[in-house]
Amino acid sequence: MENVFDYEDIQLIPAKCVVNSRSECDTKISLGGYSFKLPVVPANMQTIIDEKIAITLAENGYFYIMHRFQPEQRIDFIKDMKSRGLIASISVGVKPEEYEFVRQATEENLIPEFITIDIAHGHSNAVIEMIHHIKEHLPDSFVIAGNVGTPEAVRELENAGADATKVGIGPGKVCITKIKTGFGTGGWQLAALRWCAKAASKPIIADGGIRTHGDVAKSIRFGATLVMIGSLFAGHEDSPGETFEKDGKLYKEYFGSASEFQKGEKKNVEGKKMYVEHKGSLKDTLVEMEQDLQSAISYAGGTNLDAIKHVDYVVVKNSIFNGDRVY
Ligand SMILES: NC(=O)C1=CN([C@@H]2O[C@H](COP(=O)(O)OP(=O)(O)OC[C@H]3O[C@@H](n4cnc5c(N)ncnc54)[C@H](OP(=O)(O)O)[C@@H]3O)[C@@H](O)[C@H]2O)C=CC1
Ligand SMILES: Nc1nc2c(ncn2[C@@H]2O[C@H](COP(=O)(O)O)[C@@H](O)[C@H]2O)c(=O)[nH]1
């Protein structure tokens, strides 16, 4: 394939500014008939989101996707969000008990506004059958399906009824799929996103590999409606991962959903655990992200995210950090 590149290989080219202040720039997106403050969603992983964070995000106008690793709590989670008048956005897998869960939600009239089908290799009949099952029983739920890494997969999941697809096989910080299997979009996630977005007729979520706030703007440029972020969100004081102290410094744990820490066994492990530096609150990072994105919109010469979609760019192979890898 030609033109293979990743986030750090790209710089977007500024266009003439049309605002007097960055505060005039609007970072909102719309998805599934709802409007959200930012084109960003924290990863549906156990060290990234819990019920408390989901409530805070929903109350403050941000999109969220709850993880699927406490299946016994999912019905109560939907009830709780509904009782607060908040959007319910949950994840499911594809195993037989997940079919039963969807039936139960239907019977109890607990209709999540968003359902994300979250498996490693989303271009599969297992996902297509789950899309059909959800659309049959919960036709009003907006279905996000993934993960995939090719245009064929995007088209097939969209044709099966997915309302959005999630792109990214292996670019994640705690991912070892690329090493253990040799497959994935790791190292060329941004080019894979572009490839997939050209085939898409519905929104695409770019998942994995976001290392800086500028990568959000780059994802928008190459076709994402929003981005899913894990590692950049893992170190907050309110992140669910355990806090750990070493040599007087605080860290938070961040582990993969396919790691042995998540699975409780060493079977088909495709994720690892790492420690990220402890930092302030998620709220502060989201505010900073909004400001950075407002600035990006101003550099794009517009007043909203659409402006970023059309800017020119250059490929500066591995050089945007000028040899400085610290960011
Ligand atoms: N975005 C990414 O790059 C990746 C993300 N992950 C994350 O890890 C978590 C666990 O994922 P996953 O293992 O799919 O979830 P599950 O363990 O729930 O597996 C889902 C089902 O798909 C089957 N399955 C899993 N991988 C494959 C494959 N490569 N080929 C055929 N069947 C497969 C499993 O069977 P069996 O286990 O028997 O094969 C199981 O029946 C998810 O949250 C996922 O998002 C994991 C890897 C890559
Ligand atoms: N290959 C694996 N990928 C994983 C695993 N757990 C999560 N993920 C993916 O990573 C992103 C987050 O990426 P980041 O670069 O922002 O940290 C997440 O949304 C999943 O798609 C795993 O165990 N293996």
Side-chain angles (χ1 to χ4, degrees), residues 6-8 40-49 63-71 90-99 101 116-130 144-150 153 165-190 192-193 196 204-213 215-216 219 224 226-236 239 241 252-276 285 289 327:
D6 213 338
Y7 288 101
E8 63 181 18
V40 166
V41 63
N44 47 349
M45 298 167 72
Q46 209 168 346
T47 48
I48 300 296
I49 187 157
F63 186 44
Y64 79 90
I65 304 176
M66 186 60 182
H67 66 74
R68 65 177 169 91
F69 302 109
Q70 285 157 328
I90 55 145
S91 303
V92 297
V94 294
K95 291 183 177 164
E97 56 272 23
E98 300 291 76
Y99 282 77
F101 161 74
T116 298
I117 306 174
D118 166 41
I119 70 163
H121 191 3
H123 191 186
S124 67
N125 286 334
V127 167
I128 290 170
E129 281 157 25
M130 181 51 91
I144 299 168
N147 275 21
V148 298
T150 62
T165 52
K166 193 142 67 72
V167 171
I169 309 267
K173 189 103 171 178
V174 283
C175 165
I176 52 173
T177 300
K178 49 193 174 260
I179 296 156
K180 292 192 76 177
T181 73
F183 282 82
T185 59
W188 63 293
Q189 166 70 359
L190 193 59
L193 169 65
C196 290
I204 292 232
I205 300 175
D207 180 12
I210 300 290
R211 301 287 173 263
T212 68
H213 295 187
D215 293 346
V216 179
S219 302
L226 73 154
V227 301
M228 178 170 264
I229 298 180
S231 51
L232 264 192
F233 285 145
H236 295 116
S239 302
K252 297 282 281 196
E253 68 171 358
Y254 174 46
F255 55 74
S257 304
S259 67
E260 62 175 299
F261 307 97
Q262 182 73 68
K263 293 181 163 212
E265 61 175 341
K266 255 190 169 159
K267 183 168 177 285
N268 293 126
V269 165
E270 288 187 21
K272 63 180 182 182
K273 173 150 87 173
M274 63 181 289
Y275 293 94
V276 300
T285 298
M289 249 181 200
Y327 53 88

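Each residue takes its place number in the sequence, starting with 1. Whatever order the structure lists them in is the order used to number ligands and atoms, beginning at 1.
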Enumerate the atoms of ligand 2 whose separation from the nearest heavy atom of Ser231 is less than 4.0 angstrom. 14 (P), 15 (O), 16 (O), 17 (O)

Quick test: of every protein heavy atom, which one is nearest to atom 12 (P) of ligand 1, and how far off is it to 0.1 Å? Ala120 N, 3.9 Å

For ligand 2, is any non-hydrogen atom under 4.0 Å from Ser259's backbone (N, CA, C, O), its side chain (CB onward), both, or neither? backbone

State if Gly170 counts as touching ligand 1 under the rule of any non-hydrogen atom under 4.0 Å. yes

Which ligand 1 atoms, with their elements, are less than 4.0 angstrom from a heavy-atom of Ala258? 8 (O), 46 (C)

Which of the atoms of ligand 1 are close to Ile169, meaning less than 4.0 Å from one of its heavy atoms? 3 (O)

Under the criterion side-chain contact (heavy atoms from CB on, under 4.5 Å), which of Asp118, Ile119, Thr165 is the partner of Val127? Ile119

What distance separates Glu8 CD from Asp215 CG, expressed to the nearest 0.5 Å? 9.0 Å

Any donor-acceptor N/O pair, Lys180 side chain to Glu270 backbone, under 3.5 Å: no

Tell me, which protein residue and heavy-atom name are nearest atom 16 (O) of ligand 2, and how many Å apart are they? Gly230 N, 2.7 Å

At the 4.0 Å heavy-atom cut-off, does Tyr254 count as touching ligand 2? yes

From CA spacing to verdict: side-chain contact (heavy atoms from CB on, under 4.5 Å), Lys173, Arg211: CA-CA 9 Å; Lys173 189 103 171 178; Arg211 301 287 173 263; 3.6 Å; yes

Evaluate the side-chain proximity of Ile49 to Ile65: yes if any heavy-atom separation is below 4.5 Å, no if none is. no

Will you find, in the side chains of His236 and Thr285, an N or O donor that is under 3.5 Å from an N or O acceptor? yes

4.5 Å side-chain heavy-atom contact, Val174 and Met45: yes

Considering non-hydrogen atoms of the protein only, which is the closest contact for atom 7 (C) of ligand 2, and what is the distance? Met45 CE, 3.3 Å

Is the closest N or O pair between Ile119 and ligand 1 shorter than 3.5 Å? no

How far apart are the C-alpha atoms of Lys263 and Asn268, what are their side-chain angles, what is the distance that settles it, and do they pass the side-chain contact (heavy atoms from CB on, under 4.5 Å) test? CA-CA 9 Å; Lys263 293 181 163 212; Asn268 293 126; 3.7 Å; yes

Under 4.0 Å from atom 2 (C) of ligand 2, do we find at least one protein heavy atom? yes

Under the side-chain contact (heavy atoms from CB on, under 4.5 Å) criterion, do Asn44 and Met228 qualify, and how do the steps go? CA-CA 8 Å; Asn44 47 349; Met228 178 170 264; 3.4 Å; yes

4.0 Å protein heavy-atom contact status of atom 42 (C) of ligand 1, strictly under: yes

Going by the order shown, which atoms of ligand 1 are within less than 4.0 Å of some heavy atom of Glu270? 47 (C)

When you measure from atom 45 (O) of ligand 1 to every protein heavy atom, which one gives the shortest distance, and what is it? Asp118 OD1, 2.5 Å

To check your reading of the model: name the closest protein heavy atom to atom 23 (O) of ligand 2, its residue, and the distance in Å. Ala258 N, 2.7 Å

For atom 15 (O) of ligand 2, closest protein heavy-atom neighbour: Arg211 NH1, 2.8 Å

As an exercise, identify every atom of ligand 1 less than 4.0 angstrom from a heavy atom of Thr177. 47 (C), 48 (C)

Select one of side chain, backbone, both or neither to describe which atoms of Phe69 lie under 4.0 Å from any atom of ligand 1, heavy atoms only. side chain

Nearest-contact summary for atom 18 (C) of ligand 2 - protein heavy atom, Å: Asp207 OD1, 3.4 Å

What residue and heavy atom of the protein are closest to atom 24 (N) of ligand 2, and at what distance? Glu270 O, 2.7 Å

To the nearest 0.1 Å, how far is atom 38 (O) of ligand 1 from its closest protein heavy atom, and which atom is that? Lys267 NZ, 4.3 Å

Where is the nearest protein heavy atom to atom 30 (N) of ligand 1: which residue, which atom, and how far? His121 CD2, 4.2 Å

Any idea which protein heavy atom is nearest atom 6 (N) of ligand 2, and the distance to it? Ser257 N, 2.8 Å

What are the atoms of ligand 2, with element, lying closer than 4.0 Å to any heavy atom of Cys175? 1 (N), 2 (C), 3 (N), 24 (N)

Return the residue, atom name and 0.1 Å-rounded distance of the protein heavy atom closest to atom 39 (O) of ligand 1. Asn268 OD1, 4.4 Å

Are Ser219 and Tyr7 packed together at the side-chain level, in the sense that at least one heavy-atom pair is separated by less than 4.5 angstrom? yes

Intermediate values then yes/no, side-chain contact (heavy atoms from CB on, under 4.5 Å), Leu232 and His213: CA-CA 9 Å; Leu232 264 192; His213 295 187; 4.1 Å; yes

Is it the side chain, the backbone, both or neither of Asn147 that has a heavy atom closer than 4.0 Å to ligand 2? side chain

How far is atom 1 (N) of ligand 1 from its nearest protein heavy atom, and which residue and atom name does that atom have? Gly168 O, 3.1 Å

Which bit of Arg68 is near ligand 1, meaning a heavy atom under 4.0 Å away: side chain, backbone, both or neither? side chain

Lys263 N/O under 3.5 Å from ligand 1 N/O: no

Atom 34 (C) of ligand 1 sits nearest the protein heavy atom Lys95 CE, 4.7 Å

What do you reckon, does Gly209 put a non-hydrogen atom under 4.0 Å from ligand 2? yes

Tell me the protein heavy atom at minimum distance from atom 21 (C) of ligand 1, and give that distance in Å. Val94 CG2, 3.6 Å

Does Gly93 have a heavy atom less than 4.0 Å from any atom of ligand 1? no

Considering only the protein, which heavy-atom contact is closest to atom 10 (O) of ligand 2, and what is its distance? Gly172 CA, 3.7 Å

